[in-house]
Amino acid sequence: MLPLSPSLFNPLCFRCKNRAVLVRKECGLIPKAMANSCARIEPAFFNGLGRRDLVLFGLSSSLFVVAPSSGSLAEEELKMASVVDHINAYSYLYPLGLPSKNFMFKWVESRKPERYSSAAPLSPDARLRIVSERVDIIDNLIISVSIGPPNFQILKSKEKSSWSAKDVADSVLSDKSALRVTSTQRLAESSVLDAHSSDINGEPYWFYEYLVRKSPTKTAQESNLYRHYVASTAERDGYLYTLNASTLSKQWTKMGPFLEKTVSSFRLLPPTENYVPPYKDPWRFW
């Protein structure tokens, strides 16, 4: 059985409208994961309520009920499930819904977890690649995990302890474009609103919030409509692992708090025998 970090769910507020204070809230959840890549959901309630096994979306998952902090959008319990990718050795939580409001997200697993070498590139040079993704088309939400090498034109040192959150964000965003443009032009598509770092279990995690000046939807034609992202990045084996969660800017007030919980829960896990490091056959597509 693969041990997960006791601080797996550790929400960090990214950007609050009425205050500039970043708040860290310890919740102490320890989801269970199987040693293989098959699916499992295991509900675990904070107050020691019942447990039951379910199967969801073909991924290893654990179901939680999270009570949002006072003043958040949803003043009610939020059900969340955990995803564990044994191929790339990471985990995160994502929202399932608010049962008391009879609201459930409509997630679809658009990309199953896969090794870096066979993953879809985010730019023509194929440095940054999506290794997993799930979408909610109805609510226009996207959660994805990407892996790619650092951009040392932005990160001047190879010592990650010296990296600032803003530079890490710029490094990731410089490789995030489907167009044949320069890194500078790719950065111009994005605007970083907030960036900070946190030490979690002795490793730095960089958290940032940004806007992208384009929308993938046909219905969103307004020139001032952006996609609003929150992201968390960690480094391992010379590669940056990043979880991105986004929605349309006009939906941020409603959906943003849920996405922040997802990004705050992102953790790299101790590798198992199923782990495939990114540097192993990086150009092998089969």
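These figures come from a predicted structure and were not determined experimentally.
Under the ring pair (Phe, Tyr, Trp, His ring centres under 6.0 Å) criterion, Y241 pairs with no residue, sequence neighbours left out. Judged as a ring pair (Phe, Tyr, Trp, His ring centres under 6.0 Å), and not counting sequence neighbours, the contacts of Y90 are F266. With sequence neighbours excluded, no residue satisfies salt bridge (charged side-chain N to carboxylate O under 4.0 Å, His left out) with E114.
A245 and V263 make their closest contact through CB-CG2, 3.8 Å (heavy atoms, listed as atom of the first residue, atom of the second, distance). Contact detail for V172 and L240: the closest heavy-atom pair is CG2-CD1, 4.0 Å. Of all non-hydrogen atoms in I142 and V135, the two that sit nearest each other are CG1-CG1, 4.0 Å. Of all the heavy atoms in A89 and P271, the pair that sits closest is CB-CA, 4.1 Å. Closest heavy-atom contact between S264 and F207: CA-CE2, 4.0 Å. When all heavy atoms are compared, the tightest approach of D199 to G202 is OD1-N, 3.2 Å.
In this structure, OG on S144 lies 5.0 Å from CG on N244, to the nearest 0.5 angstrom. I143 contributes atom CD1, which lies 6.5 Å from atom CG of L259 (distance to the nearest 0.5 angstrom). Distance check, rounded to the nearest 0.5 Å: NZ of K112 to CD of E133 gives 13.5 Å. Rounded to the nearest 0.5 Å, atoms NE2 (H86) and OG (S91) are 9.5 Å apart. Rounded to the nearest 0.5 Å, atoms OG (S246) and CE (M255) are 12.0 Å apart. Taking OG of S164 as the reference point, atom NE2 of H196 lies at 13.0 Å (rounded to 0.5 Å).
Looking only at distances, no side-chain donor or acceptor of E77 sits under 3.5 Å from a matching main-chain atom of P99. Side chain of W163 to backbone of S157: a donor-acceptor contact under 3.5 angstrom is found. W107 places no side-chain N or O within 3.5 Å of a backbone atom of L141 that could act as its donor or acceptor partner. No donor-acceptor distance shorter than 3.5 angstrom exists from the side chain of R115 to the backbone of I87, with no hydrogens or angles considered. A donor-acceptor contact shorter than 3.5 Å links the side chain of R236 to the backbone of L269. With R129 contributing its side chain and Y116 its backbone, the two residues share a donor-acceptor pair below 3.5 Å. The backbone N or O of N151 sits less than 3.5 Å from a side-chain atom of S171, completing a donor-acceptor pair.
Among K261, R134, M80, the one residue that satisfies the side chain to side chain contact (heavy atoms under 4.5 Å, CB included) test with Y94 is R134. Partner of L78 under the side chain to side chain contact (heavy atoms under 4.5 Å, CB included) criterion, out of L96, L93, L98: L98 alone.
Geometrically, K166 does not engage Y208 in a cation-pi contact, judged by NZ or CZ lying under 6.0 Å from the ring centre and within 45° of the ring axis.
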Inset, instruction - Show your reasoning for whether side-chain contact (heavy atoms from CB on, under 4.5 Å) applies to K160 and W206. - result: CA-CA 11 Å; K160 63 183 178 182; W206 300 275; 4.1 Å; yes
Inset, instruction - Take D85 and Y92 through the side-chain contact (heavy atoms from CB on, under 4.5 Å) test and state the conclusion after the steps. - result: CA-CA 9 Å; D85 177 358; Y92 66 87; over 6 Å; no
Legend entry - T247/D139 under side-chain contact (heavy atoms from CB on, under 4.5 Å): CA gap, chis, key distance, verdict: CA-CA 8 Å; T247 188; D139 297 304; over 6 Å; no
Legend entry - Evaluation steps, side-chain hydrogen bond (donor to acceptor under 3.5 Å, both in side chains), between Y239 and N88: CA-CA 11 Å; Y239 284 78; N88 299 294; over 6 Å; no
Inset, instruction - Under the side-chain contact (heavy atoms from CB on, under 4.5 Å) rule, what do T262 and L243 come out as? Steps first, then yes or no, please. - result: CA-CA 9 Å; T262 291; L243 184 144; 4.0 Å; yes
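Judged by distance alone, the side chains of E209 and H228 do bring a donor and an acceptor atom under 3.5 Å apart.
Relative ring orientation between Y210 and Y229 is described as parallel, the plane-to-plane angle staying below 30° on a 0-90° scale split at 30° and 60°.
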